[in-house]
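The structure under discussion appears below in the form of structure tokens.
Only a predicted model underlies this, so the values are computations on that prediction, with no experimental measurement involved. Ligands are counted one by one from 1 in listed order, and the atoms in each one are counted from 1 as well.
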Amino acid sequence: MAAQATQLNNLPKHPLYRLMEHTVGTQSIITTTGQQWKFWRKVFDPGFSSTHLATLTPMVVERVEIFIKKLEEHVETGEAFQMLPLTKSLTMDVIGRVTMASDFNTQQQSHEIVDAFTVLPKYIPPFGFDPIRLFSPTRLWNARYYQKKLDRLIGEVVDQRFRERRAGKVGPSEKSLVHLALDTYEQMGGAVNTDVITDPVFKINAIHNIRGFFFAGHATTAASLCYLYYVLYKYPAVLHRLRQEHEEYLGIDPEDVGARVQKEPSILKRMPYTTAVIKESLRLFVGVGTVRNGVKGFNFLDPKTNIAYPTYRDGPFPILIRSFPIHRNPENFPDPERFDPERFLGERAASMTKDAYRPFEKGPRDCPGQELSMMEMRITLALTIRKFDIEMAYPEDAPKVMGDPAYHVMYSSAGPAANLPIDKPRERTGVMSHAIRTAARNGLNSSSVGKTSEWLVLLADKPGILERRVRIRPVHSENFVKLHESGFVSWAGPVFKEHVSEGIRPFIGSTMVVNAPSRKAVKETLEKDIFVTEGIWDWDNVQILPFQTILRQPAQKTGAVL
Ligand code: HEM
């Protein structure tokens with residue numbers, strides 16, 4: 001049905017969008033319609049072509065590296081923090097370059113344009129009916145003040161870029177939105193013998209479109225990045241598999257990823273599981289949609305019953321298209337609350353109902369920034385998830401919506417409740433990278449087979465990991481069942497501080513007897529287990545001792561949980 005309003009027909013946006021004009025101005029493509037919308041949408045299209053976006057890769061990597069520095073600062077101070085302000089600063093730095101060819105460096109310093117954007121939502125009209133706020137003279141005055149300030153500051157950037165062009169300082173491949181607008185201005189003969197923009201209509205259109213793209217292009221991606229960290233925390237098996245894919249495509253050392261991605265930007269799009277995880281996260285947590293207006297003579301046709309529903313009777317009906325419920329329709333997404341990236345892989349992706357998945361909306365007014373946003377998310381994940389362990393710090397009694405404490409809260413745009421509180425992040429330098437790097441240097445691979453011997457493996461847990469061990473144990477157990485079935489593991493089990501009959505068992509390590517041709521081969525197989533990659537076992541001090549079973553009783557039925 002949504003496709004009927006956006007793709008088969010492109011119904012006009014609802015007058016409710018007037019509310020957005022407080023943030024993005026009156027002339028932005030977000031709120032305008034007809035010829036004006038069509039004209040400007042076309043002007044900015046080249047700024048989002050795949051070829052052009054690939055050229056932005058180094059810029060995005062550079063800004064994500066600053067984001068990493070910010071995370072490292074939190075590792076150092078050991079303090080809990082909120083993720084959303086960090087991801088917002090990151091995406092503002094990216095969109096500042098994309099829209100205005102400006103390097104705001106918001107992650108490290110303040111900037112007038114960014115400050116005005118951040119403050120403005122405080123003064124836009126309230127969503128609910130709140131007459132005191134609605135008619136408050138202070139609110140009205142402040143809203144006007146910051147709107148004018150934004151227009152003035154962005155106008156100064158447009159003038160400056162225009163002067164740079166006239167001085168021959170801008171290359172032909174420059175496709176930031178301000179330059180695309182100025183290209184059009186020049187092509188229309190608006191720049192003859194002058195260093196000043198003389199057409200006020202052009203200028204206000206350029207300013208409001210930059211305002212619109214800046215707004216739409218940072219808050220959405222920033223919130224989506226937060227939800228990605230949230231789901232990766234909540235589903236350790238997904239994180240584990242994602243890290244494996246990154247290792248496979250981007251190399252063993254996470255420190256090399258930036259250079260690797262810059263050398264071959266297209267590699268990111270070839271990582272199927274990464275794309276599937278992002279898509280599944282957007283399926284469940286996208287906070288955007290569209291609101292269209294009914295039109296005389298246009299009826300919705302229910303494909304199941306063939307009943308036609310008018311969209312106009314004594315006036316237009318508002319038509320709300322929200323991906324939140326659409327993406328939870330069990331007919332199109334079986335077991336819809338389950339986080340299941342596999343939906344977007346192989347056969348299942350191919351058989352997905354057409355138009356059921358629409359985080360960026362569809363049709364002529366779909367999101368022009370969708371590829372940029374996907375690219376930002378892929379790069380940020382690639383550069384961070386093997387470097388850090390990021391855990392949520394929602395209190396036990398935090399309110400939940402549909403089981404999640406990270407539900408959407410609306411400010412000027414939707415974002416996770418409490419801005420996604422994070423426990424102090426941990427850097428994952430030691431264990432994983434060291435073990436993997438050593439293995440790589442030694443040229444190990446899993447095909448090293450030969451005559452096997454028995455090995456007794458003794459592994460202590462690292463201190464302070466009990467809660468994480470318990471959480472990710474199901475993934476570890478699944479792996480060990482497979483290793484047992486393959487004949488590698490003879491027997492294995494956890495070691496406790498003491499035996500307890502109830503509550504969380506006090507795990508302190510693991511022990512096992514395995515069959516392998518060499519100590520190297522034992523290491524090579526075990527270091528892929530999530531207890532190594534996630535730093536649960538003290539892998540640097542693993543003991544692998546030659547062993548021989550002489551006497552053995554069959555395993556007793558203890559009722560132990562795997
Ligand atoms: C995860 C990130 C994003 C999501 C989920 C998202 C989603 C959407 C959706 C659902 C729409 C339709 C809105 C409506 O009809 O009211 C839209 C429109 C739009 N988006 Fe995005 N977006 C994202 C990122 C971006 C980025 C990075 C940019 C800019 C570079 C951007 C710029 C725009 C613009 C300008 C429109 C209006 C298009 C038009 O009406 O022709 N978005 N987006």
Side-chain angles (χ1 to χ4, degrees), residues 2 5-7 10-21 23-25 27-49 52-53 56 60 87-88 90-100 175-178 180 208-228 278-293 318-324 326-327 357-381 408 413-416:
T6 56
Q7 293 147 262
N10 180 14
L11 297 191
K13 284 192 173 178
H14 190 268
L16 201 70
Y17 280 86
R18 296 284 312 270
L19 275 177
M20 283 192 75
E21 290 177 357
T23 312
V24 304
Q27 309 300 316
S28 137
I29 64 164
I30 296 178
T31 57
T32 50
T33 52
Q35 281 309 312
Q36 184 184 1
W37 162 78
K38 205 170 182 181
F39 176 85
W40 284 100
R41 173 107 191 194
K42 205 160 155 226
V43 166
F44 297 123
D45 267 352
F48 299 99
S49 72
H52 176 60
L53 288 180
L56 300 180
V60 178
T87 54
K88 265 195 181 169
L90 164 63
T91 53
M92 280 189 181
D93 276 354
V94 171
I95 202 70
R97 179 66 189 79
V98 171
T99 53
M100 289 174 251
K175 288 196 170 48
S176 55
L177 304 192
V178 62
L180 290 173
H208 283 186
N209 273 305
I210 288 171
R211 246 171 93 174
F213 273 99
F214 193 93
F215 169 75
H218 81 270
T220 41
T221 311
S224 302
L225 274 169
C226 285
Y227 284 113
L228 274 166
I278 296 175
K279 284 185 168 175
E280 179 67 344
S281 180
L282 286 173
R283 181 181 73 82
L284 286 173
F285 292 107
V286 79
V288 203
T290 188
V291 190
R292 300 303 174 95
N293 214 10
I319 299 157
L320 252 78
I321 300 175
R322 311 301 304 170
S323 29
F324 192 91
I326 295 176
H327 288 171
Y357 182 67
R358 43 197 314 126
F360 296 103
E361 263 312 316
K362 288 182 164 259
R365 297 207 71 153
D366 67 348
C367 175
Q370 50 191 290
E371 270 312 313
L372 171 67
S373 163
M374 290 295 286
M375 171 179 151
E376 287 179 70
M377 290 188 267
R378 287 187 180 111
I379 295 179
T380 311
L381 287 184
H408 277 305
S413 57

May I ask which of P359, A216, S373, G212 has a heavy atom nearer to atom 25 (C) of ligand 1 than the others do? A216
When you measure from the side chain of S28 to the backbone of V24, do you find a donor-acceptor pair of N or O atoms at a distance under 3.5 Å? no
At what distance is the nearest protein heavy atom to atom 35 (C) of ligand 1, and which residue and atom is it? F213 CE2, 3.5 Å
Any idea which protein heavy atom is nearest atom 37 (C) of ligand 1, and the distance to it? I30 CG1, 3.8 Å
Look only at the side chain of S323 and the backbone of V288, and say whether a donor-acceptor pair between them is shorter than 3.5 Å. yes
Among all protein non-hydrogen atoms, which one is nearest to atom 16 (O) of ligand 1, and what is the separation to 0.1 Å? Y17 OH, 2.3 Å
Nearest heavy atoms of G47 and L180, plus distance in Å: N-CD1, 3.4 Å
Kindly say whether K13 contributes a backbone atom to a donor-acceptor pair with the side chain of R292 at under 3.5 angstrom? no
Checking the side chain of T91 only, and the main-chain atoms of H218 only, is there a donor and an acceptor separated by less than 3.5 Å? yes
Identify the closest protein heavy atom to atom 24 (C) of ligand 1: which residue and atom is it, and at what distance? T220 OG1, 3.3 Å
Determine whether the side chain, the backbone, both or neither of I95 has a heavy atom under 4.0 Å from any heavy atom of ligand 1. side chain
What is the nearest protein non-hydrogen atom to atom 34 (C) of ligand 1, stated with its residue, atom name and distance? P368 CD, 3.5 Å
Here the atoms of ligand 1 under 4.0 Å from any heavy atom belonging to K13 are 14 (C), 15 (O), 16 (O), 40 (O)
Within the side chain of Y17, is there an N or O that forms a donor-acceptor pair under 3.5 Å with the backbone of T32? no
Among R358, R41, M374, which residue places a heavy atom closest to atom 38 (C) of ligand 1? R41
Filtering T32, V288, T290 for the heavy atom nearest atom 15 (O) of ligand 1 leaves T290
To atom 20 (N) of ligand 1, the nearest of A414, P364, C367 on a heavy-atom basis is C367
Quick one: does N209's side chain have a donor or acceptor within less than 3.5 Å of a partner on I29's backbone? yes
Within reach of ligand 1, part of H218 (heavy-atom separation under 4.0 Å): neither
Any idea which protein heavy atom is nearest atom 26 (C) of ligand 1, and the distance to it? G217 CA, 3.4 Å
Report the C-alpha separation of T290 and K362 in whole Å, then their side-chain angles, then the decisive distance to 0.1 Å, and conclude whether the side chain to side chain contact (heavy atoms under 4.5 Å, CB included) test is met. CA-CA 10 Å; T290 188; K362 288 182 164 259; over 6 Å; no
Note: ligand 1 atoms sitting under 4.0 Å from heavy atoms of F48 are 30 (C)
In this structure, does ligand 1 have an atom that sits under 4.0 Å from one of the heavy atoms of D366? yes
Could you go through D366 and R41, starting from their C-alpha distance and side-chain angles, then the distance that decides it, and tell me whether this counts as salt bridge (charged side-chain N to carboxylate O under 4.0 Å, His left out)? CA-CA 11 Å; D366 67 348; R41 173 107 191 194; 2.7 Å; yes
Expected output: side-chain H408 to main-chain F285 donor-acceptor under 3.5 Å: yes
Would you mind running through ligand 1 and noting each atom that sits below 4.0 Å from a heavy atom of L372? 30 (C)
Per-atom contacts, ligand 1 versus V286 - under 4.0 Å to a heavy atom: 5 (C)
Among side-chain atoms of R358 and Q7, is any donor-acceptor pair under 3.5 angstrom? yes
